J.: 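One structure coming up, written as C-alpha cells, with questions to follow.
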Amino acid sequence: MRAVDIIRAKRDGEVLTVAAIDAMVRGVLDGSWADYQTSALLMAIVLRGMTPDETAALTDAMVRSGRRVDLSALPGTKVGKHSTGGVGDKVSIVLAPLVAACGVVMPKMSGRGLGHTGGTLDKLESIPGFRVDLDEARFLEVLRTAGCALIGQTADVAPADKVLYALRDVTATVESIPLISASIMSKKLAEGSQALVLDVKCGRGAFMKTRSDALALAQSLVAIGGARGVPTEAVVTGMDRPLGRAVGNALEIRECLETLAGQGPADLVEVVETIGGRVLRLAGVATSADDARRQLRNAIRTGAGRDRFRAMVAAQGGAVAVIDDPARLPASAVVETLSAAADGTVSDIDAALVGQAAVLLGAGREKKGDPVDHAAGIVVRATVGSTVRRGDPLLDLHGPDAARIAAARAVVAAAVVIGGVVDATPLIRAHVDASGGVSTP
Ligand code: URA
C-alpha cells in the first residue's frame, strides 16, 4: 500500500482501512515513510477527521508498534493519569507523590513540551541529574521504592507515537481529537495501568478551545479505554488562564515544592484535589469525594507526599537537595518585570499568550529536537479579580538575555487585561465517568 494513495484517500475524506492505518504506522517506524509524507497524512487527518473506528485502529496500531509494560508483579492498584496539556500544568508532578502517599501506585510516562504547552519531562529535568529515560526494570524498581515514577516513554512503549508526536509539534497538527486520542491512549494502554484518569484541558491555552470539543475528546478517550478493558474517567478543566503562577520548567518545579508543602496556589490545588479524588476512588482507597480530599490534604499536612516526591527524585537520580533548597534549581541571568500601565481590576490573564511568551524565552521548543532552557519562563504575579495600581508588577520574565526578554515582552504585553468583566466560569467544567456519562459540578 503506497503512502501517496493513503494520503490521497484521507485528503479526499475517505475512511481509512485498518490495513492502511497499519501500513502508515509501520512506515513511520521502519522509515519507509518520509517525514513529509507522514506530515501530509497528519494534516489530512486534522482537516478531514477520523471515525471512532479509525481512531481505535490507529490507537491499536500504535500500541502494537511496541509492547505493553507488565506491572502485575507490583502490589497495589496501579492508576495512570494524563493531561492533554496546558500552560503551567504541573498537576502530575504534585499528584503522583500525593496519591502514592495515599496508597495508590502511579506509573506515569509523560511527554515533553508540545507547541506552547509545557511538558512534565522537561520540568523534571530541571532538577539536576533527574533521569527520565529509565528502562522497564528500573521503572518498576522506582515504583516499588516510591510508589510513583515519572518517566519518558521507554523505547518499547508506543514508539510510533514518539515519531508522530515530534512531527505534530512542528507541523501544526496537534489539534485533532483522533490524533490526540490515539497518542494519549496508545501510551496509556501500553503503560500497564489498571485504570486511568485524564485531565482534558479546555480553553485558549489548551489544544481544545471549547467545552464541546473538550467533552468530545474526553468521551473519545474514555470510550477507547473502556473498550480495551481499562476503566477510564476524564475531568474537563479550564485552561483559559495559566494554572498556578509559574510557567517554565524550573519555575514550575519550585511551585510544585511549595504545593507539596501546603502553599500551592488555589487553582492548582483545586485541580490536584479533583483529579486526585477520582484516582483514589477508582482505586478503591477512598469512599467519597470528601474522604479523598481529606486523605490528599493529610498527605500534604504530614509531609508524606513530599517524602514520596523525595523518594522518587532520589530513585531517578535527581539532586534531592533542591527539595529543601529550591535556590539550587537553574536560574535565569535576566529577570524583568512587566508592570501595570493603569489602575484597575485584573479581569483576565491569557494562557495562550503567556505560553507563547514562555517558548520565546526558551522554556519550550520552536522546532523538533531544540533544547529547552530549564531556567526560563514566566511568573504571573497578578491574580484575576485583584486590584492593581499603575506600576504594580504583573509578570516576571525570566530569560537568558535581553533579546529573548524583549521578544517575550512583545507577546505577553497584552496577556494581562486590566478593566472589564471577570469571567467566573468554574475551573472544573465537567466530569465524564467510565461509562461515558457527563456531569457538571
Ligand atoms: N498529549 C499527548 O500525549 N498527545 C497529544 O497528542 C496531545 C497531548
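Keep in mind that what you see is a predicted model, and the values were worked out from it rather than measured.
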J.: Can you find a pair of side-chain heavy atoms, one from Asp122 and one from Arg365, that are under 4.5 Å apart?
T.: yes
J.: For a quick test of reading the model, state the closest non-hydrogen atom pair linking Ser110 to Leu150 and the distance between them.
T.: OG-CD2, 4.3 Å
J.: Taking 4.0 angstrom as the limit, do Asp324 and Arg306 come out as a salt bridge?
T.: yes
J.: Go through the steps for Met185 and Leu198 under the test side-chain contact (heavy atoms from CB on, under 4.5 Å), then give the verdict.
T.: CA-CA 10 Å; Met185 292 311 288; Leu198 305 169; 4.1 Å; yes
J.: Take Val79 and Ser193 through the side-chain contact (heavy atoms from CB on, under 4.5 Å) test and state the conclusion after the steps.
T.: CA-CA 5 Å; Val79 182; Ser193 294; 5.8 Å; no
J.: How close do Val25 and Ser65 get, counting heavy atoms only, and between which atoms?
T.: CG1-CB, 4.1 Å
J.: Check whether any side-chain N or O of Arg308 sits under 3.5 Å from a backbone N or O of Ala146 as a donor-acceptor pair, and report yes or no.
T.: yes
J.: Rounded to the nearest 0.5 Å, how far apart are CZ of Arg112 and CG of Asn249?
T.: 9.5 Å
J.: Are Leu134 and Thr154 side-chain neighbours, meaning at least one heavy-atom pair lies under 4.5 Å?
T.: no
J.: Just how far is it from atom NE2 of His431 to atom OG1 of Thr274, taken to the nearest 0.5 Å?
T.: 10.0 Å
J.: Compare every heavy atom of Ile418 with every heavy atom of Ala340, then report the nearest pair and how far apart it is.
T.: CB-CD1, 3.7 Å
J.: Are Arg429 and Asp240 within salt-bridge range, i.e. N to O under 4.0 Å?
T.: yes
J.: Within a strict 4.5 Å, meaning less than it, do heavy atoms of the Arg11 and Met43 side chains meet?
T.: no
J.: Quick one: closest heavy-atom pair of Phe130 and Val313, and the distance?
T.: CE1-CA, 3.8 Å
J.: With the side chain counted from C-beta on, respond yes when Asp348 and Arg204 share a heavy-atom pair under 4.5 Å apart, and no when they do not.
T.: yes
J.: With no hydrogens and no angle check, just 3.5 Å: does a side-chain donor-acceptor pair link Lys201 and Ser83?
T.: no
J.: Quick check: do Ile349 and Val380 have side-chain heavy atoms less than 4.5 Å from each other?
T.: yes
J.: Which side-chain N or O atoms in residues 215-225 pair as donor and acceptor under 3.5 Å with protein atoms at least two apart or in another chain?
T.:
{"unit_1": "Gln219", "atom_1": "NE2", "unit_2": "Gly436", "atom_2": "O", "d": "3.4"}
{"unit_1": "Ser220", "atom_1": "OG", "unit_2": "Ser181", "atom_2": "OG", "d": "2.7"}

J.: Taking Gln316 for its side chain and Arg131 for its backbone only, find out whether a donor-acceptor pair lies under 3.5 Å.
T.: yes
J.: Any Lys/Arg nitrogen of Arg48 or Glu54 sitting under 4.0 Å from an Asp/Glu carboxylate oxygen of the other?
T.: no
J.: Do Ser347 side-chain atoms and Gly419 backbone N/O form a donor-acceptor pair below 3.5 Å?
T.: yes
J.: Counting C-beta onward and ignoring hydrogens, is there a side-chain heavy-atom pair between Ile405 and Leu361 closer than 4.5 Å?
T.: yes
J.: Indicate yes or no: does Glu273 engage Arg297 in a salt bridge with an N to O separation below 4.0 Å.
T.: yes
J.: For Glu270 versus Ile428, what's the shortest heavy-atom pair and its separation?
T.: OE2-CG1, 3.6 Å
J.: Is a donor from one side chain sitting under 3.5 angstrom from an acceptor on the other, for Thr173 and Thr171?
T.: yes
J.: Could you check Val236 against Met208 for side-chain contact (heavy atoms from CB on, under 4.5 Å), going step by step and ending with a plain yes or no?
T.: CA-CA 10 Å; Val236 176; Met208 295 296 111; over 6 Å; no
J.: Strictly below 4.0 Å, N to O, side chains only: are Arg381 and Asp392 in salt-bridge contact?
T.: no
J.: Pick one: which of Thr237, Thr84, Leu243 meets side chain to side chain contact (heavy atoms under 4.5 Å, CB included) with Asp199?
T.: Thr237
J.: Does any N or O in the side chain of Lys10 come within less than 3.5 Å of the main-chain N or O of Gly49, such that one atom is a donor and the other an acceptor?
T.: yes
J.: Between Asp267 and Arg241 (salt bridge meaning N to carboxylate O under 4.0 Å), is one present in this structure?
T.: no
J.: Measuring from atom CD1 of Ile45 to atom CG of Leu164, what distance do you get when rounded to the nearest 0.5 angstrom?
T.: 8.5 Å
J.: Roughly how far, to the nearest 0.5 Å, is the NZ atom of Lys209 from the CD atom of Glu175?
T.: 6.0 Å
J.: Under 4.0 Å between a side-chain nitrogen and a carboxylate oxygen: does that hold for Arg245 and Asp396?
T.: no
J.: Using modelled atom types and a 3.5 Å cut-off, is there a donor and acceptor pairing between side-chain atoms of Lys187 and backbone atoms of Ala158?
T.: no
J.: Just checking, is any N or O donor in the side chain of Asp423 or Thr425 under 3.5 Å from an acceptor N or O on the other one?
T.: yes
J.: To the nearest 0.5 Å, what is the distance between CG on Leu251 and CD1 on Ile378?
T.: 9.5 Å
J.: Atom CD of Glu336 and atom CG of Leu395: how far apart are they, to the nearest 0.5 Å?
T.: 12.0 Å
J.: One thing to verify: whether Glu255 and Lys123 come together as a salt bridge, which I'm taking to mean a side-chain N less than 4.0 angstrom from a carboxylate O.
T.: no
J.: Is any side-chain heavy atom of Ile180 closer than 4.5 Å to a side-chain heavy atom of Arg168?
T.: yes
J.: For the residue pair Ile151 and Val132, what are the closest heavy atoms and their distance?
T.: CB-O, 3.4 Å
J.: For the residue pair Arg404 and Ser332, confirm or rule out a side-chain donor-acceptor distance under 3.5 Å.
T.: no
J.: For Gly248, does its backbone N or O pair with a side-chain atom of Glu252 as donor and acceptor, under 3.5 Å?
T.: yes
J.: Does the side chain of Leu296 come within less than 4.5 Å of Val99's, by heavy atoms?
T.: yes
J.: Evaluate side-chain contact (heavy atoms from CB on, under 4.5 Å) for Asp350 paired with Val417, printing each intermediate quantity in order.
T.: CA-CA 8 Å; Asp350 186 326; Val417 180; over 6 Å; no
J.: If we ignore hydrogens and angles and just use 3.5 Å, is the side chain of Lys90 paired with the main-chain N or O of Ala246 as donor and acceptor?
T.: yes
